[in-house]
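Some notes on the structure that comes next.
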Amino acid sequence: MSVTDITGTTPAAYGVGSAKPAPAKSPDASARGAATAGRGSREDVVSLSPDAVKAMNARSFSITVPPEGGGASGAALPSGIDAAKLNPNYMLARIDYMEKHGDYMEKAFGLLRQTLGLPEDRPFFLGGAGNALLDKIAQKNGLTKPEMPEILRAAGEKDPFEDDSDADAGVIGIGLPNSGKELQVVFSRHDLASISAKAADSLKMVSLTDQNERSGPLLGTIKEGVLGRFTDTRPGQGANLWAVTDGGGPNARVVASVRSVGMDDVAGEVATGLLKNLKELFAKA
């Protein structure tokens with residue numbers, strides 16, 4: 001499943017450690033402190049025992065907060081902390097953007113589920129070029145993607161799926177809740193988009209689990225090509241693996257791989273139907 005990074009803000013507590021409680025003050029000491037603070041003073045006066053003073057000196061620390069605009073005054077910050085991201089305007093902009101982006105992703109996932117005919121009770125995830133489908137579906141249905149504020153880009157932020165917009169390969173995973181069963185379809189975006197409509201209607205699935213004269217070369221093609229990035233070729237785990245080609249001849253092009261755990265009975269139907277829908281979406285890009 002395609003996972004979105006939504007960051008919340010949690011107040012952080014800073015302290016001086018777990019020092020022993022200070023001995024109780026005498027009534028005279030408390031009265032003197034209260035009287036001093038009450039005569040027009042703008043400061044609070046606190047009397048500390050010698051033990052408390054020692055504890056604070058041993059455990060206290062300070063953090064210099066940079067001024068708004070990034071702390072160009074030369075204030076020292078702990079290693080790994082970006083001054084620009086301590087700017088309150090940055091924090092507010094990021095919270096607002098992530099809320100809007102999360103709402104967009106939820107709606108886009110719903111539209112993609114409808115377009116690909118994925119049942120409501122089956123969770124699915126996306127990877128690589130699969131994420132690029134979300135923006136295509138959103139545009140097709142008039143769903144506007146939120147723009148990232150300039151203050152976030154200036155701090156080095158970018159769209160979580162920006163790198164996937166032109167990815168060569170992608171994956172869609174479909175599961176059955178509480179069963180351990182899953183189906184992973186890895187596809188070559190450009191190969192899938194470039195095959196003919198006739199070839200898309202006659203996709204062939206060749207078993208790579210069964211050892212035969214075709215399985216070895218096809219498995220090598222998958223591992224060495226763009227599909228290798230997402231295809232899980234590990235043996236065992238009760239999984240079966242197929243190569244999906246645009247024909248049955250020796251020069252057939254491998255356009256996808258399919259991995260099934262406990263879903264062999266529907267793997268062919270679901271995978272080929274899904275790939276035909278993907279072809280149409282990418283062909284219209």
Side-chain angles (χ1 to χ4, degrees), residues 1-5 105 108-109 112-113 115-118 122-140 158-175 182-197 199-209 214-235 237 239-247 251-261 263 267-268 270-285:
M1 202 166 204
S2 186
V3 177
T4 308
D5 175 26
M105 292 295 292
F109 263 104
L112 183 61
R113 183 184 290 277
T115 302
L116 298 181
L118 300 175
R122 294 190 181 182
F124 72 101
F125 71 88
L126 304 172
N131 289 315
L133 291 170
L134 293 173
D135 290 343
K136 295 182 184 301
I137 294 294
Q139 292 171 5
K140 181 180 178 181
K158 64 180 180 179
D159 186 309
F161 304 123
E162 191 172 308
D163 293 339
D164 293 329
S165 59
D166 296 318
D168 290 332
V171 59
I172 296 182
I174 305 169
E182 64 175 357
L183 189 70
Q184 294 180 14
V185 180
V186 180
F187 58 90
S188 168
R189 173 180 180 172
H190 299 296
D191 287 340
L192 196 60
S194 63
I195 64 175
S196 66
D201 288 333
S202 57
L203 294 173
K204 305 292 184 182
M205 289 181 60
V206 182
S207 174
L208 302 181
T209 305
R214 293 200 66 193
S215 62
L218 289 175
L219 182 58
T221 298
I222 290 174
K223 287 183 175 181
E224 296 168 10
V226 297
L227 300 177
R229 176 185 173 192
F230 295 108
T231 303
D232 185 349
T233 60
R234 292 175 298 173
Q237 300 180 320
N240 284 313
L241 185 66
W242 292 267
V244 183
T245 72
D246 61 354
N251 297 320
R253 182 167 26 173
V254 180
V255 298
S257 68
V258 177
R259 183 178 186 271
S260 164
V261 177
M263 295 182 65
V270 173
T272 54
L274 186 62
L275 290 169
K276 285 194 289 185
N277 284 335
L278 292 176
K279 174 193 162 39
E280 292 181 9
L281 289 172
F282 283 121
K284 294 176 182 178

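Values in this document were obtained by computation on a predicted structure and should not be read as measured data.
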How far apart are the closest heavy atoms of [X] and [Y], and which atoms are they?
X	Y	answer
Gln184	Asp232	OE1-CB, 4.5 Å
Gly247	Ala252	O-CB, 3.2 Å
Leu275	Ala256	CD1-CB, 3.7 Å
Leu183	Met263	N-SD, 3.7 Å
Arg113	Arg122	NH1-O, 2.9 Å
Asp246	Ala199	O-CB, 3.9 Å

Residues in side-chain hydrogen bond (donor to acceptor under 3.5 Å, both in side chains) contact with [X], at least two apart in sequence or another chain:
X	answer
Asp159	Lys145
Ser194	Arg253
Asp163	Lys158

Mind checking whether [X] and [Y] have side chains closer than 4.5 Å, heavy atoms only?
X	Y	result
Ile172	Leu278	yes
Leu116	Leu281	yes
Thr231	Leu241	yes
Phe161	Leu126	no

Which distance, rounded to the nearest 0.5 Å, do you find between the [atom1] of [X] and the [atom2] of [Y]?
X	Y	atom1	atom2	value
Leu133	Arg189	CG	CZ	8.0 Å
Leu118	Phe109	CG	CZ	10.5 Å
Lys279	Leu203	NZ	CG	9.5 Å
Leu218	Ser257	CG	OG	11.0 Å
Met105	Leu134	CE	CG	5.0 Å
Thr209	Asn240	OG1	CG	4.0 Å

Report task. Quick one: which residue pairs count as a salt bridge (charged side-chain N to carboxylate O under 4.0 Å, His left out) with a foot in residues 222-231, not counting sequence neighbours? Result ->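 Sorted pair list comes back empty.
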
Report summary line: Sorted by chain and number, sequence neighbours left out, salt bridge (Lys or Arg N to Asp or Glu O under 4.0 Å) with Asp166 holds for none

Requested in this report: Please answer whether the main-chain N or O of Glu182 pairs with a side-chain N or O of Arg259 as donor and acceptor at a distance below 3.5 Å.
Outcome: no

**Report entry** Distance flag, aromatic centroids of Phe187 and Phe230, threshold under 6.0 Å
**Finding:**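 For Phe230 and Phe187, the ring centres are not under 6.0 Å apart.
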
Query raised in the report: Taking only residues two or more places apart in sequence, or in another chain, which ones meet Ser188 in a side chain to side chain contact (heavy atoms under 4.5 Å, CB included)?
Result: Asp191, Val226, Leu227

